[in-house]
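Okay, structure first, notes after.
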Amino acid sequence: MEQKYSPKEIEQKWQSIWENEKTFKVSADGNKPKYYLLEMFPYPSGRIHMGHVRNYSIGDVIGRFKRMRGFNVMHPMGWDAFGMPAENAAIQNKSHPATWTHENIAYMRNQIKKMGFSYDWDRELATCDLDYYRWEQKLFLEMFAKGLAYKKTSFVNWCPKCETVLANEQVEDGGCWRCDSEVNQKELDQWFFRITDYAEELLENTFKLPGWPERVLVMQRNWIGKSFGCEIDFPVENSSQSIRVFTTRQDTVFGATFMSLAPEHPRALELTTTERRDEVAGFIDKIRKTDRIKRTADDFEKEGVFTGSYCTNPLTGARMPIFLANFVLMDYGTGAVMAVPSHDQRDFEFAKKYNLPFKVVIQPAGTFLDPLTMSEAYTEAGIMTNSGQFDGQQSNDAKEAIADFLQARNKGAKTVNFRLRDWGISRQRYWGNPIPVIYCGYCGVVPVPEADLPVVLPKDVAFSGEGGSPLARMDSFVHCSCPVCGKAARRETDTMDTFVQSSWYFLRFCCPDFNSGILDRDSVDYWMSVDQYIGGIEHAVLHLLYARFFTKVMRDLGHISADEPFINLLTQGMVIKDGAKMSKSKGNVVDPDALISKYGADTARLFSLFAAPPEKDLDWNDQGVEGSFRFLSRIWKLVHDRLDMIQGARPLDAGSLSAEERALRRAVHKTIRKVSEDLEERFHFNTAIASVMELLNILQPAALSTPQFPAIMKEALQSVILLMAPFVPHITEELWQRLGNSEHLTQIAWPDYDRSAVVDEELLVVVQVNGKLRSKITVAAGTSEDELKTLSLADEKVAQFIEGLTVRKVICVQGKLVNIVAG
RNA sequence: GCCCGAAUGGUGGAACUGGUAGACACAAGGGACUUAAAAUCCCUCGGCGGCAACGCUAUGCCGGUUCAAUUCCGGCUUCGGGCACCA
């Protein structure tokens, strides 16, 4: 048997054994607790990168560990296969997105298989496959029937480079999340999902997800952006109508001296007097031409125009001029804002510019605000002043009181507002799921009847690379007859956002072959929710919010029982090299293929798990990889060196061991305990591996010439193999077999530590004087506190430090530490 | 501006509910083996002082609580992330 560790053959050997025996195939099983483990599925971009290696290595350790712990582990893998890169590549290479995508999937599947991950490949799915997207179309129609999918004309984010609409969540810092081009606004008729219907529950449940990282929950809460406030009506002068505003600062109503409307406000022109009409219309036109992203930038100059009309402050009766202001947004609140120059910075700047009145209604404790000398708005809480009956109250208390006051007089109502917008899902691209809708000149928007599903994405399209989606130019696709009246009609040519597919793939993994409906409820209810989800933090709001939304929609449509998709979420850090994220443009990428062929998959897995805890960024280091390979070689060599001894070992008699033998065995069982805790309780893979390294440092030089030593070594090395099995499955399977075991390691249970073996016989106690370490003493386990004190005070080194001092107090920490307080 | 994180040797990191700071690994230096190299094995490795035993000092900075603080509290600094004319 060869002595040198050569990963190539053994990895191939075990991967084909697992594949042939379908070791990781699972089905519902009432006898075992289920465990649904999922990593965010990849986009088939071409080749896997180190981020994937890390993500899936983390998942695989958990999966293999849970399996050894007796769980029925479902661990699927699939492809988020629709999307723009395929289309762009097709235009460039004059091929077809489907071809490009399927070739990439084939290549990446092979790469992933070479890593030895324990996936149930029978559940593999690709979202571009008809058997996936047809059910999504049905789901769309169900949502349409419930009003959860609807069409509206609005200003939407438009990426000129990708030539498509983007959701709010896909605009990052004013740029496209994919290509970083500057996003502008376009008024279009588009499909939306009514995620705002679920704003309250999505927010509420962030407080019921203890298995999620707090920062992800905080990001989602901020994104949903619930604020409590008041809607207040301001009667328009010489009119029976009023303007409704939303405010969170009803405590400042007495300080409102004018009104600001969004330029897009539907009543803007109606409120404009004849003599001001030209100026106002000019302003509205100018704002319309200004890009929304620029206009809403923080440092954009505040600007407005007077409409010539006035309204009345419902609490003070003051006459308030009505302005249009460029910083007021139509799609938040009511599109109208009561302006309080003394207590809002934007209103302050606006009022300075247009010479509008200031009125202080909240005074901070200690100082006195004078509207004439203020250099900025005072936006904090304070004591109410100039506010009639509310004077003297704390402004925070007055919020409630004023809201009640207004509500009682029918002048306003308490309300909440959300920052979250509905999810725009129309994409003017080819490589996506067609929205199953028909437009008829007589019947309007008509859903494609269920019997006519699926709307198949046609393959034979021409890609010109310009002028929008090729679907729109394809007559055979566009022209159809209306399902209601039979007259000539047009088919919707927009496709759905690819985030729609990733919002429910985890449900479909529960029943990937089910083809008589969207989901097989029994299977889904058995497996859901996902017990552990793992992926990058970049999806904190996007995918993770959409997936939560879809889960609730599916529940309300009667397809599933779960409320939340993911019970526990692990967000792994990025892979960094030379101080920057790995990327082609920076030239700091490490190719997984090269790594596997040089060191093997086990080394790649081990390093990515050892170098950093999973949630932190991982600094890639080629010498560190070398070190991981060295460690595996040491295990390999040690097992082979002791093979003869182990095979001749008699059964262990744990009751009759010498002190040295007990010490060795104690190290083994303490390691089992440590690794078990690190995996079970906190996913501290790096410290788990470190503790096995420590054990190996003890076992390697160990050589006792006692009769029981072979049995101890056998137990020790078997333990090392079992403990390392989730991390490095190939080398451990091979060594397990070479030790003479006939069963595969994948069938073996996780080891338990022997409670009597880990009990210390002697303890090292540190002795401090006034909190400083002065001596260390070794005592027998079970030494009493009094005895420990006596021993400490009698210690030679300690004596030097307490000489001439009075011992005031002696603190004992059982089996660990003695602190002598002297002065 | 608001809201989250984080900061420990030359480097990645460890220290779990306050109790030996620096586990484990990488790098570096020295040595053994070798004709030589690679591989492997052994030793040293926060700073300052000392031949040494050992002492002092040290977890971004300043202060506090405590017998005892990397850990808890208050105030800063720097870096990273999220949100942002959201009324």
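Per chain, numbering begins at 1; letters A, B, ... match sequence-line order.
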For nucleotides 78-83 of chain B, which of its nitrogen or oxygen atoms have a protein nitrogen or oxygen under 3.5 Å away, and what is each distance?
| from | atom 1 | to | atom 2 | distance (Å) |
| --- | --- | --- | --- | --- |
| B:rC83 | O3' | A:R419 | NH2 | 2.7 |

Under 4.0 Å between any heavy atoms, over every strand shown, what does [X] touch: base, sugar-phosphate, or nothing? Just pick one.
{"X": "A:N697", "value": "sugar-phosphate"}
{"X": "A:Q700", "value": "sugar-phosphate"}
{"X": "A:D617", "value": "sugar-phosphate"}
{"X": "A:R682", "value": "base"}
{"X": "A:F610", "value": "base"}
{"X": "A:F350", "value": "nothing"}

Using the test side-chain contact (heavy atoms from CB on, under 4.5 Å), find all partners of [X] that sit at least two apart in sequence or belong to another chain.
{"X": "A:K789", "result": "A:E785, A:V810, A:C812"}
{"X": "A:R774", "result": "A:V769, A:K772, A:F801"}
{"X": "A:E762", "result": "A:T778"}

**Fill in**
Sorted by chain and number, sequence neighbours left out, ring-ring contact (aromatic ring centres under 6.0 Å, His included) with A:F727 holds for none
**Request:** Can you sort out the partners of A:H543 under ring-ring contact (aromatic ring centres under 6.0 Å, His included), two or more places apart, ordered by chain and number?
**Result:**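 Scan of A:H543 (ring-ring contact (aromatic ring centres under 6.0 Å, His included), adjacent residues dropped) gives A:Y533, A:H539.
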**Asked** Is B:rG10 in the syn or the anti form, by the rule that syn lies within 90° of 0?
**Response**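 What B:rG10 shows is an anti base, its glycosidic angle lying more than 90° from 0.
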**Complete:** side chain to side chain donor-acceptor pair (under 3.5 Å) filter on A:D617, not counting sequence neighbours, yields none
**Prompt:** If you write RNA chain B from 5' to 3' in dot-bracket form, with Watson-Crick or G-U pairs under 3.5 Å, [ ] for crossing pairs and | for pairs with another strand, what do you get?
**Reply:** (((((((..(((......[....))).(((((.......))))).((((....))))..(((((..]....))))))))))))....
**Asked** If the sugar-phosphate is the primed atoms plus P, OP1 and OP2 and the base is the rest, what is the B/S/- string for nucleotides 26-34 of chain B, using protein heavy atoms under 4.0 Å?
**Response** SS-------
[N] phosphate, OP1 or OP2, under 4.0 Å from [X] side-chain N/O:
{"X": "A:K772", "N": "B:rG55", "result": "no"}
{"X": "A:R634", "N": "B:rU40", "result": "no"}
{"X": "A:N686", "N": "B:rA14", "result": "yes"}

**Message:** Taking the ring centre of each residue, are A:F323 and A:F350 less than 6.0 Å apart?
**Reply:**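 Aromatic pair counts; centres sit under 6.0 Å.
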Considering only nitrogen or oxygen atoms on both sides, find all protein atoms under 3.5 Å from nucleotides 65-72 of chain B and state each distance.
| from | atom 1 | to | atom 2 | distance (Å) |
| --- | --- | --- | --- | --- |
| B:rC67 | O2' | A:N819 | ND2 | 3.2 |
| B:rC67 | O2 | A:N819 | ND2 | 2.5 |

**Message:** According to ring pair (Phe, Tyr, Trp, His ring centres under 6.0 Å), does anything in residues 210-233 of chain A pair up with another residue at least two apart or in another chain? List the pairs.
**Reply:** none
In a table with atom names and distances, give each donor-acceptor pair under 3.5 Å that connects a side chain of residues 606-615 of chain A to protein atoms at least two apart or in another chain.
| from | atom 1 | to | atom 2 | distance (Å) |
| --- | --- | --- | --- | --- |
| A:S608 | OG | A:A604 | O | 3.3 |
| A:S608 | OG | A:R605 | O | 3.1 |

